[in-house]
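Throughout, a chain's letter reflects where its sequence line sits, starting with A, and its residues are numbered from 1.
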Number of protein chains: 2
Amino acid sequence: MINVLIADDQPLQRFGFRMLLESQDDMTVLSEAANGSEAVRMTAQLTPDVVLMDVRMPGLDGIEATRRITAAGNRTRVLILTTFDLDEYAYAGLRAGASGFLVKDAQPEELLSGIRAVATGDAVVAPSLTRRLLDAYAHHLPAQSPSDGPEPTALDPRLTALTDREREILTVIGQGWTNTEIATRLHLAESTVKTHVGRILAKTDSRDRIQAVILAYDTGLVKPS
Amino acid sequence: MINVLIADDQPLQRFGFRMLLESQDDMTVLSEAANGSEAVRMTAQLTPDVVLMDVRMPGLDGIEATRRITAAGNRTRVLILTTFDLDEYAYAGLRAGASGFLVKDAQPEELLSGIRAVATGDAVVAPSLTRRLLDAYAHHLPAQSPSDGPEPTALDPRLTALTDREREILTVIGQGWTNTEIATRLHLAESTVKTHVGRILAKTDSRDRIQAVILAYDTGLVKPS
DNA sequence: GCCACCGTAGTACCCGGGTACGACATCGCT
DNA sequence: AGCGATGTCGTACCCGGGTACTACGGTGGC
């Protein structure tokens, strides 16, 4: 049985959550808190398994309440809920030690399975937020794959399909030249440039010149200045 | 309609996935791949919305296949599935650009909602993995106000004029996202994206997004991968 | 209370970029 | 002599990107 504490300043919201949770035979609502301080106090008294925590509350907000609850050290997990998927809240909440972060417009089933996951020690983050977190931090994830060797100066395989001329064009694309500029500076017709560009995009599987610019940087054809 | 490509070396497994997906009226299975190379090739040909990618496959494994698919730059999302929730795989997969990482013992509904989330540009990570990721990285999340240690590498002067949101947008521009992609993935209207982009270009004296991409690389906002 | 800034959203318009064709000359290899 | 790869040039078409506005709610500073 999962003991839950609901912390939300809106009574109607609390009621909805309570109804939903009580309809499950593996969950009970221990009590309800209307602000952060109450949530902290009740958590200390009742030691629920999970606190369903709203972010926006008068007085002590959900983030700070989460910080104090997790700092206390007992095994109560905090699942933060918010109306808006503001990433500032997500970052702050997760930093504060929350085990999860869901948006209120989620499906009831998602909330329920989220509570169960959190209760068993797992963690959940709303997909829309996961996206932002990944975008921001995926690059920083530890690389333990052995394929992180030193880089030789040989031509990147992604560029081998290109002819010399095409690599030349790709280089100036990577420097931000427009087709017109390439044409005048290299004494070509614009149609010729377009032909080259088209072939480059096809051979490198780039959908537009932006991808080509990125490729130029990633392969080292163009170096950051 | 969500077009899905199934990549798994076990025929029985593929069959199961196909049955599950075809039972949904908003999903179709475009094709099946039995190894990584096939997955990459078929993705290029068929441009599915989502690739259901197994990690362990003979030849080119799921991680490397994911890397190549996402490197290609088209809008196909990769949802990685694995039997074991080994975090090495998860790290590698997410670093490779996967939009999600689920374990195979998940409930069918979880898989389906995961596919839908990924198709609309969101991201999903299995709760058991989210827990590990949070444990490892919650400390590294950007600080809001509280006193925090290491400085986040001083901002390049050319970017100081930008607001936080604008820098966020510039980052994804630097990753080659189109306006439409930015809109869907960040849950914005395309007009809003255009407004942001316009301001970014004005503030950074860039004549088009290409110059902005170059600037993103030169200032280190985006790093070569 | 007012105002500046920010993020969001909309409409209308123009233009460069990309695609899909076809065409021709040169060069090197067989 | 024939052929393929490469580089050059052309036309026609469509769409995404960029610009130029306007607008409005929220927040924070004064």
Using only modelled atom types and a 3.5 angstrom limit, is any donor from either the side chain of B:Arg199 or the base of C:dT8 paired with an acceptor on the other?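 Answer yes: a donor N or O sits under 3.5 Å from an acceptor.
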Counting distance alone, no hydrogens or angles: does the base of C:dC5 have a donor or acceptor under 3.5 Å from a partner atom on the side chain of B:Thr163?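 It does not, because no donor-acceptor pair links the side chain of B:Thr163 to the base of C:dC5 below 3.5 Å.
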Nearest to the B:Arg209 side chain among D:dG18, D:dC9, C:dT8, which nucleotide is it?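 For B:Arg209, the side-chain atoms sit closest to D:dG18.
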Nearest listed nucleotide, side chain of A:Thr180, among C:dT8, C:dG17, D:dG17: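 The answer is C:dG17, which lies nearest to the side chain.
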If I take atom [atom1] in residue [X] and atom [atom2] in nucleotide [N], what distance separates them, rounded to the nearest angstrom?
X: B:Leu188; N: C:dC6; atom1: CG; atom2: C1'; answer: 13 Å
X: B:Lys194; N: D:dT19; atom1: NZ; atom2: C1'; answer: 9 Å
X: A:Glu166; N: D:dA5; atom1: CD; atom2: P; answer: 13 Å
X: B:His196; N: C:dG7; atom1: NE2; atom2: P; answer: 6 Å
X: B:Asp208; N: C:dG18; atom1: CG; atom2: P; answer: 10 Å
X: A:Asn179; N: D:dC9; atom1: CG; atom2: C1'; answer: 14 Å
X: A:Ile169; N: D:dT6; atom1: CD1; atom2: C1'; answer: 12 Å
X: B:Ile210; N: C:dG17; atom1: CD1; atom2: C1'; answer: 9 Å

What nucleic acid atoms does A:Thr195 come within less than 4.0 Å of, heavy atoms only: base, sugar-phosphate, or nothing?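 The residue A:Thr195 makes base contact.
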Under 3.5 Å: donor-acceptor pair, side chain of [X], backbone of [Y]:
X: A:Arg14; Y: A:Asp8; result: yes
X: A:Arg167; Y: A:Leu159; result: yes
X: B:Asp49; Y: B:Asn3; result: yes

Starting from the C-alpha separation in whole Å, work towards a yes-or-no answer on side chain to side chain contact (heavy atoms under 4.5 Å, CB included) for A:Ile173 and A:Ile182. CA-CA 8 Å; A:Ile173 291 179; A:Ile182 299 177; 4.1 Å; yes
For A:Ala189 and A:Lys203, find the nucleotide of DNA chain D closest to each by heavy atoms; which residue's nucleotide sits nearer the 5' end?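 With A:Ala189 and A:Lys203 compared, the 5'-side residue is A:Lys203.
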Ion pair present between B:Glu181 and A:Arg207, side-chain N to carboxylate O less than 4.0 angstrom?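 Yes, B:Glu181 and A:Arg207 are salt-bridged.
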Quick one: on DNA chain C, does B:Glu190 or A:Ser206 contact a more 5' nucleotide (nearest heavy atom)?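 Its nucleotide being nearer the 5' end, the pick is B:Glu190.
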Does a side-chain N or O from B:Ser191 land closer than 4.0 Å to OP1 or OP2 of C:dA9, or not?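 For B:Ser191, the contact criterion (side-chain N or O under 4.0 Å from OP1 or OP2 of C:dA9) is not met.
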Given D:dT8, is OP1 or OP2 found less than 4.0 Å from the side-chain N or O atoms of A:Thr192?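 For D:dT8, neither OP1 nor OP2 has a side-chain N or O of A:Thr192 closer than 4.0 Å.
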